[in-house]
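The next block holds one structure in the form of structure tokens; read it before the comments.
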Amino acid sequence: QVQLVESGGGLVQAGGSLRLSCAASGRTFNNSAVGWFRQAPGKERKFVAAMNWDGGRTYYTDSVKGRFTIARDNAKNTVWLQMNSLKPEDTAVYYCGAPRYAQSSGSYNHEGFYDYWGQGTQVTVSS
């Protein structure tokens, strides 16, 4: 059974930074795609960033390009989302997801590609 646990959220002023982490059990991130999504109050969950299974490619939604970076630490089996220059519109619950099968490729920006999700971590950016 794959379990994902996000952490690192919090309250930060606009322009600040946070680093979210997604720790996995039952899955080795060095051969798995991982995606970050976020859900603002009253809105649908939306794609933020993803890394393909071998770590060679990263993907970002336009609104976070140049500000957010997805990376992984194979030794710690953890994926990070470094968020800089945060804006109030980044406020949301952030979730990480992983597909059912290792080495899966597909539409990394679609929720349906992911089978496992963490519980989410709240990010609040004040103006």
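Computation of the quantities below employed the complete heavy-atom set of this structure, encompassing side-chain atoms and omitting hydrogens, waters and symmetry-equivalent molecules.
Nearest heavy-atom pair, P99 versus R27, reported as atom, atom and distance to 0.1 Å: O-NH1, 2.8 Å. Closest approach of D73 to W80, counting heavy atoms only: CB-NE1, 3.6 Å. Minimum interatomic distance between R72 and G55 (heavy atoms only, all atoms of both residues): NH2-N, 3.6 Å. Between V123 and G9, the shortest heavy-atom contact is CG2-CA, 4.1 Å. Of all heavy-atom pairs between N77 and F29, the closest is OD1-N, 2.7 Å. Taking both residues in full, the closest heavy atoms of M51 and T58 are given as CE-CG2, 3.9 Å, listed atom of the first, atom of the second, then distance.
Note that CG of L4 is 10.5 Å distant from OG1 of T78, once rounded to the nearest 0.5 Å. We find the CZ-CE distance between R38 and M83 to be 8.5 Å, quoted to the nearest 0.5 Å. How far CG of N31 is from CG of N52: 11.5 Å, rounded to the nearest 0.5 Å.
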(request) Determine, step by step, whether T69 and L81 satisfy the side-chain contact (heavy atoms from CB on, under 4.5 Å) criterion, reporting the C-alpha distance in whole Å, the side-chain angles of both residues, the deciding distance to 0.1 Å, and the verdict. (result) CA-CA 6 Å; T69 303; L81 183 67; over 6 Å; no
(request) In sequence, state the C-alpha distance, the side-chain angles, and the governing distance for V34 and W53, and then conclude on side-chain contact (heavy atoms from CB on, under 4.5 Å). (result) CA-CA 7 Å; V34 177; W53 71 268; over 6 Å; no
(request) Could you check T121 against V93 for side-chain contact (heavy atoms from CB on, under 4.5 Å), going step by step and ending with a plain yes or no? (result) CA-CA 5 Å; T121 185; V93 178; 6.0 Å; no
(request) Go through Y59 and V48 one step at a time and tell me if the side-chain contact (heavy atoms from CB on, under 4.5 Å) criterion holds. (result) CA-CA 8 Å; Y59 308 86; V48 176; over 6 Å; no
(request) For the pair T124 and T91, evaluate side chain to side chain donor-acceptor pair (under 3.5 Å) and give the outcome as yes or no after the intermediate values. (result) CA-CA 5 Å; T124 303; T91 295; 5.3 Å; no
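The ring-ring contact (aromatic ring centres under 6.0 Å, His included) check on F37 picks up F47, Y114, W117, with sequence neighbours excluded.
Looking at S17 and Q82, their side chains come closer than 4.5 Å, going by heavy atoms from C-beta outward. The side-chain heavy atoms of I70 and V79, taken from C-beta on, include a pair separated by under 4.5 Å. Residues R100 and Y116 are in side-chain contact: their nearest non-hydrogen atoms beyond the backbone lie under 4.5 Å apart.
Side chain to side chain, S85 and R67 fail the donor-acceptor criterion of an N or O pair below 3.5 Å.
The backbone N or O of E6 sits less than 3.5 Å from a side-chain atom of Q119, completing a donor-acceptor pair.
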Name each donor-acceptor pair under 3.5 Å that joins a side chain in residues 101-111 to protein atoms two or more places apart or in another chain, with its distance.
residue: S104; atom: OG; partner: Y101; partner atom: O; Å: 2.6
residue: E111; atom: OE1; partner: R45; partner atom: NE; Å: 2.8
residue: E111; atom: OE1; partner: R45; partner atom: NH2; Å: 2.9

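Linking Ile, Leu, Val, Met, Phe, Trp and Tyr whenever their side-chain heavy atoms come within less than 4.5 Å leaves W36 and F113 in two separate clusters. Hydrophobic clustering places F68 together with V125 (ILVMFWY residues linked when any side-chain heavy atoms are closer than 4.5 Å, directly or through intermediates).
Residue pairs meeting the disulfide bond (SG atoms under 2.5 Å apart) criterion with at least one partner in residues 11-106, sequence neighbours excluded, are C22-C96.
Considering P88, S127, S126 in turn, S126 is the only one that fulfils the side chain to side chain contact (heavy atoms under 4.5 Å, CB included) rule with Q13.
A salt bridge is absent between K87 and D90: the closest approach of a Lys/Arg side-chain nitrogen to an acidic carboxylate oxygen does not fall below 4.0 angstrom.
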